[in-house]
Amino acid sequence: MPIKKLIIALSIFFCGSLFKAQKLNDENLVIYKLKFEKNLKKAKSLKYQTVHGYSKSESLYNDFEKDLIKFGYVRTENQNNQQVFEKIKSLKEGKNNYETACLPTYRDILIYKNQNGKILKIIKVCTSCYSNQIVTLESESELLMNFSDYDALQELLK
C-alpha cells in the first residue's frame with residue numbers, strides 16, 4: 001500500500017512539474033521582420049495598415065502570417081526568443097501619452113499563438129520612432145516602454 005501512495009505522489013509531482021513547465025510555453029512566440037519595404041501608396045490598404053498604421057482586432061485572422069510574407073516580412077529564427085518573451089512579459093500594457101514625430105514603420109511583428117496555432121496576440125514594434133501596438137481579440141493597447149526598453153528590445157530582435 002505505501003508503494004502505491006509513493007507512485008501516486010511521484011506521478012502527481014512530476015505531472016504537476018511538467019504542467020508548470022508547459023504553462024511557460026503555452027504561447028508560441030513567432031517573430032517576423034520587415035525585409036522588403038515596397039512603396040505603399042494606398043493609406044487604407046491592409047498592407048499599409050500592417051506596416052505603418054494602426055491594426056484592429058480583425059487582424060487576428062488565419063491567413064495573417066501569409067499576408068505578412070506577401071507584404072515583405074520574413075519569419076526569423078531568433079536565438080533570443082526566450083529573452084524577447086521575458087522582456088515583453090516584464091512590461092505593462094496601457095496607453096502611452098506621447099505621439100511620435102515620424103510615421104511608424106513596424107519592422108518587427110511578434111505573434112503569440114496557442115498550442116493549436118491560433119493567433120492570440122500581435123505586437124507591432126517600431127524601434128526607430130519608439131512606437132508599438134498590441135492587438136488581441138479583446139482590445140488594442142500598447143506596451144508601456146521607455147527608450148531603454150526599446151533599445152534593449154532592438155538588440156534582442158537583431
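What you see is a predicted model; the values in this text were computed from it and never measured.
No side-chain heavy atom of Pro104 sits less than 4.5 Å from a side-chain heavy atom of Lys124. Residues Thr105 and Val51 form a side-chain contact, since some pair of their non-hydrogen atoms from C-beta on lies under 4.5 Å apart. Using a 4.5 Å heavy-atom cutoff, the side chains of Ile134 and Ile122 are not in contact.
The side chain to side chain donor-acceptor pair (under 3.5 Å) search around Ser131 returns Tyr106, not counting sequence neighbours. The side chain to side chain donor-acceptor pair (under 3.5 Å) search around Asp67 returns Tyr61, Lys70, not counting sequence neighbours. Taking Lys35 as the reference, nothing meets the salt bridge (Lys or Arg N to Asp or Glu O under 4.0 Å) condition, with sequence neighbours excluded. A search for side-chain contact (heavy atoms from CB on, under 4.5 Å) contacts involving Tyr54 returns Gln133, Glu140, not counting sequence neighbours. Ser141 is linked by a side chain to side chain donor-acceptor pair (under 3.5 Å) to Glu93, counting only residues two or more places apart in sequence or in another chain. A search for side-chain contact (heavy atoms from CB on, under 4.5 Å) contacts involving Asn116 returns Asn114, not counting sequence neighbours. With sequence neighbours excluded, the residues forming a ring-ring contact (aromatic ring centres under 6.0 Å, His included) with Tyr150 are Tyr130, listed by chain and number. Here Glu142 pairs with Lys95, Asn96, Asn132 under the side-chain contact (heavy atoms from CB on, under 4.5 Å) rule; sequence neighbours left out. Listed by chain and residue number, nothing satisfies the side chain to side chain donor-acceptor pair (under 3.5 Å) test with Thr76 (two or more places apart in sequence, or in another chain). Checked against side-chain contact (heavy atoms from CB on, under 4.5 Å), Leu68 has the following partners two or more places apart in sequence or in another chain: Tyr32, Thr50, Phe64, Tyr73, Ile109, Ile111. Judged as a salt bridge (Lys or Arg N to Asp or Glu O under 4.0 Å), and not counting sequence neighbours, Lys118 has no contacts.
Taking OG from Ser139 and NZ from Lys56, the interatomic distance works out to 13.0 Å, rounded to the nearest 0.5 Å. Separating the CG atom in Leu103 from the SG atom in Cys129 is a distance of 7.5 Å, to the nearest 0.5 Å.
When hydrophobic clusters are built by joining Ile, Leu, Val, Met, Phe, Trp and Tyr residues whose side-chain heavy atoms come closer than 4.5 Å, directly or via intermediates, Ile69 is grouped together with Ile119. Each of Leu144 and Leu110 belongs to its own hydrophobic cluster when Ile, Leu, Val, Met, Phe, Trp and Tyr are linked at side-chain heavy-atom distances under 4.5 angstrom.
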**Request:** Decide yes or no on salt bridge (charged side-chain N to carboxylate O under 4.0 Å, His left out) for Lys113 and Glu65, but give the supporting numbers first.
**Result:** CA-CA 11 Å; Lys113 298 192 226 178; Glu65 289 182 89; 2.8 Å; yes
**Item:** Full working for side chain to side chain contact (heavy atoms under 4.5 Å, CB included) between Leu46 and Phe71
**Value:** CA-CA 9 Å; Leu46 179 62; Phe71 300 161; 4.0 Å; yes
**Message:** Please evaluate residues Ile123 and Leu143 with respect to the criterion side chain to side chain contact (heavy atoms under 4.5 Å, CB included), reporting the C-alpha separation (whole Å), side-chain torsions for both, the decisive distance (0.1 Å), and the verdict.
**Reply:** CA-CA 9 Å; Ile123 301 176; Leu143 291 171; 4.1 Å; yes
**Request:** Take Thr127 and Arg107 through the side chain to side chain contact (heavy atoms under 4.5 Å, CB included) test and state the conclusion after the steps.
**Result:** CA-CA 8 Å; Thr127 55; Arg107 290 181 182 86; over 6 Å; no
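Between the side chain of Asn146 and the backbone N or O of Asp149, at least one donor-acceptor pair lies under 3.5 Å.
Contact record, Ser57 with Val135: CA-CG1, 3.5 Å, taken as the closest heavy-atom pair.
A cation-pi contact, defined as under 6.0 Å to the ring centre and within 45° of the axis, links Lys121 to Tyr112.
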What side-chain donor-acceptor pairs closer than 3.5 Å can you find for residues 151-158, not counting sequence neighbours?
from   : atom 1 : to     : atom 2 : distance (Å)
Glu155 : OE2    : Lys158 : NZ     : 2.9

